[in-house]
Protein chains: 2
Amino acid sequence: MAAHADPRTEARVPLTKTRVLSAAVELADGGGIDALTMRNLAHALGVEAMSLYYHVANKDEVLDGIAEAILGEIHEVVGTIEGPPDGVDWKTAMRQRILSARQVLLRHPWAAGVIETRTAMSLEAAKYFDEVLGLFRAGGFSYDMAHHAMHALGSRALGFTQELFEPDTADAGDEQATAMLEQMADKIPHIVEMLMEVSHDDPDSTLGWCDDQVEFEFGLDLILDGLERLRQTS
Amino acid sequence: MAAHADPRTEARVPLTKTRVLSAAVELADGGGIDALTMRNLAHALGVEAMSLYYHVANKDEVLDGIAEAILGEIHEVVGTIEGPPDGVDWKTAMRQRILSARQVLLRHPWAAGVIETRTAMSLEAAKYFDEVLGLFRAGGFSYDMAHHAMHALGSRALGFTQELFEPDTADAGDEQATAMLEQMADKIPHIVEMLMEVSHDDPDSTLGWCDDQVEFEFGLDLILDGLERLRQTS
DNA sequence: ACCTGAACACCGTTCAAGT
DNA sequence: ACCTGAACACCGTTCAAGT
C-alpha cells in the first residue's frame, strides 16, 4: 500500500477527465485564465497536448468542466454552512448563502468570467439555483415571484457583480492626480466633486476608494429588502 | 464637389484611427466579436493587416476604441431623449436614461461583453456616469449615497445584465423535454415544479419563457424603488 | 508619412501512426 | 486503450523594407 502511494508511481497514473479538469483549475488559479491553454495544461500533466483530446472533446469542454467544478465547490461550501431553511427567515438564509458563494468565487478570480461565458446550464448550476429557488419558496414566494427574484439577483445570486471599472489606485493626496482631476472638472463635474469631497473628508483615502465587499452587500441587501417588501404586499 | 464624393476616390481615402474603429464596430455588428480579428479588419478596409498598426498600437486599443464608440452612441441617444433633469423626479429620468442605453446595447450585442473587459474608464464612460451621478444629485442624494447607488446598479446603469444562462427554447408541450424534466425531479425539484406550473398555466408557453426586457425592468425598478426609499429616510 | 512581405511565436485541432 | 509527431489553419505582432 505504501508502494501504491509512492509519488513516483503516482505520477504515472493514467489521465482521466477529472484529473485534466483539476489541473485546469489549478492552472487558472495560479496564472489566470490566459494561462489555461491546451498546451500548458498538457505540460502541467506531463503529457503532450494532443493526449488531452482523448479525454476531452475540445477546450470548450474543459471550460464547461472547470465552471462546473467551481459551482460544485460552491454547492459544497453552502451545503455545509447552512442551517435548515425551514424557518421563515428566508432573507438571512439567502444572504448567508450568497455571501458564502462569493467567498468561493473570490478564491478563484477567473471563475466568474468563465461561468458567464457558459451558455448551457450545468447540473451543478441547476442544483445551486434549485436550492435558491427552494429558499424563496420556503420564504413564501410564489414560483412566479421567485423567478423574477432570481433574475433580479442575476449574477449576484452566485456572489459576484460586474465591476465595470477598476477604480484608480491613485492616492488622493497625490498632487498630480488632483491637478488632473481639476482639469477634467468641466467634462465630468460630478465625479470630480465627488472625489474631492472624499479626499476632503478623509485626506488619507485613495481616489478609488470603493470597498468591493461593502458595495456588494449594499446592493444585495437593497435587492433582498425590496423582494421582502414585495412578498409582504403580494 | 461631386468628384470629391465619388465612391471610387472615396475608397482611397487614407486610413485613420476613426475609420479603423468604425470598420471594427461594423465587423462586430455583422459577425460578432469573434469576427473582429486584425486580419479581418484589415481586409474590410482593403488593406494589409500590418497597416493597421500604423494607426493603432495593438488590438487592445481597437477594443478600447469600439467600447468608447458605443458609449458615445449611448451618450448621444440619451442626450437627445432626455428632458431637463432639474425636476425632483430623479427616478423616472434615471429609468428612461437607462432603458435608452439598453436600446443601444441591444443593437450591438457584442458591446456589453467588450465593455466589461475594459478595465480603464474611457472619457465617454466617465461622461455617462457623470450624468448618472448628476441625476442622483439632482434627486437629492448625497455623493456618498449616490456612489453606493451606482455600485448597486452596476452594469444595469448601462442597460445590461448578466444573463447567466440562455434558457432552453424547448416547447413546453414537447413530450421529450417534459419527460426529461420529470427524470430530473429528484435533483432539481423546485426548478422542475416551477416549469411544470408554467406549462400548466399556459400550455402554449415555452419552457424557457423568460422575457429579458420584462426581467430587466423588474430588477431595475426593484433597485430604483429601494434607492428612493433610502433617500427618503436618510 | 504611410503601407507591406516575410517571419515569429503563439493558438486550437485533425489525423495517421505508434505502443 | 491510450498517447504522440507532424501538420494545418488560424491568431497577434515585430521588423526591415518598400513607396
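Every chain is numbered from 1 and lettered A, B, ... according to where its sequence line falls, protein lines coming before strand lines. These numbers come from the heavy atoms of this one structure, side chains and all, not from hydrogens, waters or symmetry mates.
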Aromatic ring centroids of A/H148 and B/F218 under 6.0 Å? yes
Output the rounded distance in Å from NE2 (A/H43) to P (D/dT4). 13 Å
Reading DNA chain D from 5' onward, which residue's closest nucleotide shows up sooner: A/R39 or A/G46? A/G46
Is any side-chain N or O of B/H55 closer than 4.0 Å to OP1 or OP2 of C/dA1? no
So, for B/I74 and B/L158, which heavy atoms are closest and what is the spacing to 0.1 Å? CD1-CD2, 4.1 Å
How long is the line joining OH of B/Y53 and P of D/dG12, in whole Å? 6 Å
Rounded to the nearest angstrom, tell me the gap between atom CG in B/L36 and atom C1' in D/dC10. 15 Å
Counting side-chain heavy atoms from C-beta on, which of C/dT13, D/dC3, C/dA7 comes nearest to A/P14? D/dC3
Expressed in angstrom and rounded to an integer, what is the separation of B/L52 atom CG from D/dC11 atom P? 13 Å
Please verify the inter-ring angle class for B/F165 with A/F129; under 30° counts as parallel, over 60° as perpendicular, anything in between as tilted. perpendicular
For A/N40 and A/A57, find the nucleotide of DNA chain C closest to each by heavy atoms; which residue's nucleotide sits nearer the 5' end? A/N40
Check the distance between C/dC11's P and A/I33's CD1 and give it to me in whole angstrom. 14 Å
B/T37, nearest nucleotide to its side chain (from C/dT4, C/dG12, D/dC11): D/dC11
Checking contacts here: which listed nucleotide (D/dC3, C/dC3, D/dG12) is nearest the side-chain heavy atoms of B/L15? C/dC3
Is NZ or CZ of A/R102 both nearer than 6.0 Å to the six-membered ring centre of A/F216 and within 45° of the ring axis? yes
Side chain of A/E48 (C-beta onward), nearest among D/dT4, D/dC11, D/dC3: D/dT4
Salt-bridge contact B/E68-B/R118 (side-chain N to carboxylate O under 4.0 Å): no
For a quick check of understanding: with a heavy-atom distance under 4.0 Å over all strands, which category does A/M50 fall into, base, sugar-phosphate or nothing? base
Tell me: CE of B/M38 to P of C/dT4, nearest whole Å? 14 Å
From C/dA6, C/dT14, D/dG12, nucleotide with atom closest to B/K59 side chain: D/dG12
For D/dA6, what is the paired nucleotide under Watson-Crick or G-U wobble rules, both distances under 3.5 Å? C/dT14
Specify the separation, in whole Å, of atom NZ of B/K17 and atom C1' of C/dC2. 17 Å
With a 4.0 Å limit, can you tell me whether A/Y54 has a side-chain N or O closer than that to the phosphate oxygens OP1/OP2 of D/dC3? no
Ignoring backbone atoms, test whether B/S51 places a side-chain nitrogen or oxygen under 4.0 Å from the OP1 or OP2 oxygen of C/dC2. no
What is the distance, to the nearest angstrom, from the CG atom on B/D34 to the P atom on C/dC11? 18 Å
